[in-house]
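Structure, as structure tokens:
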Number of protein chains: 2
Amino acid sequence: MTKSAAKPNDHDAVDVRDRILETASTLFYERGVRAVGVDLVVAEAGVAKTSLYRHFGTKDDLVAAFLAREDEDFWGTWGRVAEKHVDDAEAELDAHLEWIGERVGRPNYRGCPQINVAAEFPEADHPARRVAAAHKRELRRRLKGIAERLSARRPDELAGQLALLINGAFVSSQVLEAEEATPLLQRTAHALIAAARSS
Amino acid sequence: MTKSAAKPNDHDAVDVRDRILETASTLFYERGVRAVGVDLVVAEAGVAKTSLYRHFGTKDDLVAAFLAREDEDFWGTWGRVAEKHVDDAEAELDAHLEWIGERVGRPNYRGCPQINVAAEFPEADHPARRVAAAHKRELRRRLKGIAERLSARRPDELAGQLALLINGAFVSSQVLEAEEATPLLQRTAHALIAAARSS
DNA sequence: CAAGAAACAAACAGGTCTGTATCGTGGAGG
DNA sequence: CCTCCACGATACAGACCTGTTTGTTTCTTG
């Protein structure tokens, strides 16, 4: 909190802190958090190790910042898609499943960062685990909002079903064909919506 | 392969190899693979480190053996449940979702070992990754068999949907109430089955 | 121009990791 | 009885890890 709001130096186009976080995020996602040491991060980012520890107190905090960044990106995309379908909840859900399925099918897709980090750090009080847990709660909360607009008889149940579906897609890239994800997600969602409306 | 079939020593009730694998499996699952060193495994198992490296050439091989053991356990339970419902595929699926949901709701549940290890080791050629990939393919294969017996119009699609559902449950224990998992799984499966039969 | 903040560079501390090497012991099978 | 070998115990090698320390340089700002 000593700086960052005011720009201390714009000589380098990007802030040092941003460059560290950007580099760390890529490395953490591609190779796993525990497999990437801080020495590699600073070497790849071209910064001094002291800079990393000034901006992020510990590696754990850097991991939490990584997940927070992914969280913001995710809801940023979500929000941009959502505002195109304010009048049609089913179309909005379809659109979300579209870009989620597209991501899952990408060649270098390595799963949901939040889930991966949670798998790497069992301790429930790890700073990154809090971010991950909040992210998953937020997913279910937003899905419940959509379920309500869909006039589901039990919106929270439909939200739970859709959350299972999406999280399942995140971890199933191993057994999913690239083009299969989106249509499978959408057809499944349609079946669940129909069931949630009738009986 | 030098022993194990013939019993070289039954003086100790359990084989040294089994004791190592048993101990390692518990530690790996509870704390994560990378967080557990071989020194801890041998100390906890009460064996010499040389014994560990004699039976398992490397730690990676021990991890693969851990997943293979979990795989066998999983399909062992699956098989015992399946043979009680040879005449009713829907009842069999319900029964599977019953014990899977029960496991997911357990207090110390830490997710599917296969998924967790895959998250910890990005390298596709890691020995444990092969076990994990085969496990997930086998899940979808068995689900397809059930889908066929259910006379689904597209059995492979229904199998894919059910696989998403089950894998989603494995990773959603963070946001799922303990008693919520089984009924949510079963009601979702029923909706998907109904949809797969009609249209 | 002067002062202070921020960055770089490089070494270091102290611990942990995987894997190996060495030596001693005790039981099983020929 | 005697030889083999699985096993235990321990020390070690070499690499890697997080985090700190020290000192210098560069940039911003008053």
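What you see below is based on every heavy atom in this structure, not just the backbone, and it leaves out hydrogens, waters and symmetry mates. So that the names make sense, note that chain A is the first sequence line, chain B the second, and so on, each numbered from 1.
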Query - Distance below 4.0 Å between R19(B) side-chain N/O and dG8(D) OP1 or OP2 - result: yes
Query - Any pair counted as ring pair (Phe, Tyr, Trp, His ring centres under 6.0 Å), so long as it reaches residues 138-187 of chain A, sequence neighbours left out - result: none
Report summary line: Among dG8(D), dA11(D), dA7(C), the one nearest any side-chain atom of A48(B) is dG8(D)
Query raised in the report: Which residues in residues 37-47 of chain B have at least one heavy atom lying under 4.0 Å from any atom of DNA chain D?
Result: G46(B), V47(B)
Query raised in the report: Rounding to a whole Å, what distance do you find between R34(A):CZ and dT18(D):P?
Result: 10 Å
In a table with atom names and distances, give each donor-acceptor pair under 3.5 Å that connects a side chain of residues 32-46 of chain A to protein atoms at least two apart or in another chain.
from	atom 1	to	atom 2	distance (Å)
R34(A)	NH1	E120(A)	O	2.8
D39(A)	OD1	K49(A)	NZ	3.0

Query raised in the report: Between dT18(D) atom C1' and F28(A) atom CZ, what is the distance in whole Å?
Result: 12 Å
Report summary line: In whole angstroms, the gap separating C1' of dT24(D) from NZ of K49(A) amounts to 19 Å
Report task. With the side chain of R54(B) defined as its heavy atoms from C-beta on, choose the nearest nucleotide among dG19(C), dA21(C), dC7(D). Result -> dC7(D)
Query raised in the report: How long is the line joining CG of L27(A) and P of dC17(D), in whole Å?
Result: 12 Å
Report task. Could you walk me through whether Q186(B) and H190(B) pass side chain to side chain donor-acceptor pair (under 3.5 Å), step by step? Result -> CA-CA 6 Å; Q186(B) 290 177 339; H190(B) 293 162; over 6 Å; no
Report task. Kindly write out the residues that satisfy side chain to side chain donor-acceptor pair (under 3.5 Å) with D88(B), not counting sequence neighbours, or none if the list is empty. Result -> none
Query raised in the report: With respect to the phosphate group of dA6(D), does any side-chain polar atom (N or O) of T50(B) fall under 4.0 Å of OP1 or OP2?
Result: no
Query raised in the report: Could you state the CD1-C1' distance from I20(A) to dT18(D), rounded to the nearest angstrom?
Result: 15 Å
Requested in this report: Kindly point out which of dT20(D), dT22(C), dT21(D) is positioned nearest to the side chain of Y53(A)?
Outcome: dT20(D)
Query raised in the report: Are H55(A) and dA6(C) close enough that a side-chain N or O sits under 4.0 Å from OP1 or OP2?
Result: no
Report task. Provide, to the nearest angstrom, the distance between the CG atom belonging to L52(B) and the P atom belonging to dA21(C). Result -> 16 Å
Report task. Scan for ring pair (Phe, Tyr, Trp, His ring centres under 6.0 Å) pairs involving residues 135-158 of chain B, sequence neighbours excluded, and state none if there are none. Result -> F74(B)-H135(B), W75(B)-H135(B)
Query - side chain to side chain donor-acceptor pair (under 3.5 Å) partners of E138(B), counting only residues at least two apart - result: R141(B), R142(B)
**Report entry** Donor on one side chain, acceptor on other, R103(B) and T77(B), under 3.5 Å
**Finding:** yes
Query raised in the report: Does anything in residues 56-66 of chain B reach DNA chain C, meaning a heavy atom under 4.0 Å, and if so which residues?
Result: T58(B), K59(B)
Report task. Not counting sequence neighbours, which residues clear side chain to side chain donor-acceptor pair (under 3.5 Å) with N167(A)? List them please. Result -> K136(A), S172(B)
Requested in this report: Quick one: list whatever passes side chain to side chain donor-acceptor pair (under 3.5 Å) with D60(B), sequence neighbours left out.
Outcome: H126(B)
